[in-house]
Amino acid sequence: MPDKNQSNTCDEIIFSSFFKSHIKALRNFLLYKFGNAEQAEDAAQEAFVKLWQNCASVPLEKAKSYIYTIANNTTLNQIAHQKVVLKYEKNFTGLDKTNQSPEYLLEEKQFQSKLLKAIENLNEKQRTAFLMHRIDGKKYSEIALELNISVKAVEKRIHLALLSLRKEIDI
C-alpha cells in the first residue's frame, strides 16, 4: 500500500489536483500569519516545489502537513534572515549614513578628545558658565541668577573660556 500512496503523490494529475485544492488555503495561512502577500506567495510555491521534489518519500495523506511545515519554516527562516540584516544595518548605520572617510572620522574623534581636554583645563568658574550656556542652553541672565553673579561677569567668564579654548585647540 505505501507504494501506491507514494506513486499517487508523484502522479502529475493527482499532484496538480492537490496543488489546486490547497494552494489558496496555504497562501492565506501564510498571509494571515506573517502579513506579507509576496512572501506568502513565494513560500507557498516553494513548499509545493519541495513536495514535488520529494514526492516519492511523502505519502499523499501527509502531503498537506508537509507543505504547511515547509512553508512555515521557509517564512520563519526568511524572517530570521531579515532580523540579521536589520541588526547589521543598525550596528553600522553611522559609517553607512555619513559616508565619511576613516581619516575624517579619526580627525573628528581626535578633535573631540582635544576639546574635552581643553574644557577640563578651564578654571572652574569659566567651565561652569561655559557649559551652562553651551550645553544646557541657558541664557546669560539665567546663569547669572543661578551663580549669584552679574550678567557682565557671566559674559566675561564665557568670553575668557572661549579665548582659552581657541588658544588651546588652535582654531
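Computation of the quantities below employed the complete heavy-atom set of this structure, encompassing side-chain atoms and omitting hydrogens, waters and symmetry-equivalent molecules.
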Nearest-0.5 Å distance, [atom1] of residue [X] to [atom2] of residue [Y]:
{"X": "T75", "Y": "K33", "atom1": "OG1", "atom2": "NZ", "value": "8.5 Å"}
{"X": "L31", "Y": "E38", "atom1": "CG", "atom2": "CD", "value": "11.5 Å"}
{"X": "L165", "Y": "L160", "atom1": "CG", "atom2": "CG", "value": "11.0 Å"}
{"X": "E155", "Y": "Y140", "atom1": "CD", "atom2": "OH", "value": "6.5 Å"}
{"X": "K50", "Y": "I67", "atom1": "NZ", "atom2": "CD1", "value": "13.5 Å"}
{"X": "E142", "Y": "M132", "atom1": "CD", "atom2": "CE", "value": "8.5 Å"}

Is the shortest side-chain heavy-atom distance between [X] and [Y] below 4.5 Å?
{"X": "K138", "Y": "E146", "result": "yes"}
{"X": "V58", "Y": "L51", "result": "yes"}
{"X": "R127", "Y": "I119", "result": "yes"}
{"X": "T9", "Y": "I14", "result": "no"}
{"X": "F130", "Y": "I135", "result": "no"}
{"X": "N8", "Y": "F15", "result": "no"}
{"X": "F48", "Y": "Q53", "result": "no"}

field: Test applied, side chain to side chain contact (heavy atoms under 4.5 Å, CB included); reference residue, L162; option that passes from K167, Q126, R134
entry: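 The option that passes is R134.
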message: Can you tell me if Q112 has over 12 outside heavy atoms packed within less than 6.0 Å of its CD?
response: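 Yes, the 6.0 Å shell around CD holds more than 12 heavy atoms from other groups.
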message: Surrounding CD1 of I13 (heavy atoms of other residues, nucleotides or ligands, distance under 6.0 Å), is the total greater than 12?
response: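 For I13, atom CD1 is not crowded (no more than 12 foreign heavy atoms under 6.0 Å).
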task: Check whether V49 and L60 end up in the same hydrophobic cluster, where Ile, Leu, Val, Met, Phe, Trp and Tyr are linked by side-chain heavy atoms less than 4.5 Å apart.
output: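 Not linked; separate clusters.
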query: Under a 4.5 Å side-chain heavy-atom rule over Ile, Leu, Val, Met, Phe, Trp and Tyr, are I149 and L145 clustered together?
result: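 Result: no, two separate clusters.
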Looking only at atom types and distance, does a side-chain atom of [X] sit under 3.5 Å from a main-chain N or O of [Y], one as donor and one as acceptor?
{"X": "Q39", "Y": "N36", "result": "no"}
{"X": "S16", "Y": "E12", "result": "no"}
{"X": "S21", "Y": "S17", "result": "yes"}
{"X": "H22", "Y": "F18", "result": "yes"}

task: Evaluate the side chain to side chain contact (heavy atoms under 4.5 Å, CB included) criterion for residues L26 and K64: first the C-alpha distance (whole Å), next the side-chain angles of each, then the deciding distance (0.1 Å), finally the verdict.
output: CA-CA 9 Å; L26 178 60; K64 182 176 178 182; over 6 Å; no
message: With no hydrogens and no angle check, just 3.5 Å: does a side-chain donor-acceptor pair link E41 and Q45?
response: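 On atom types as modelled, these side chains qualify, holding a pair under 3.5 Å.
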- prompt: Between V154 and S150, does a side chain to side chain contact (heavy atoms under 4.5 Å, CB included) hold up when you go through it step by step?
  reply: CA-CA 7 Å; V154 172; S150 70; over 6 Å; no
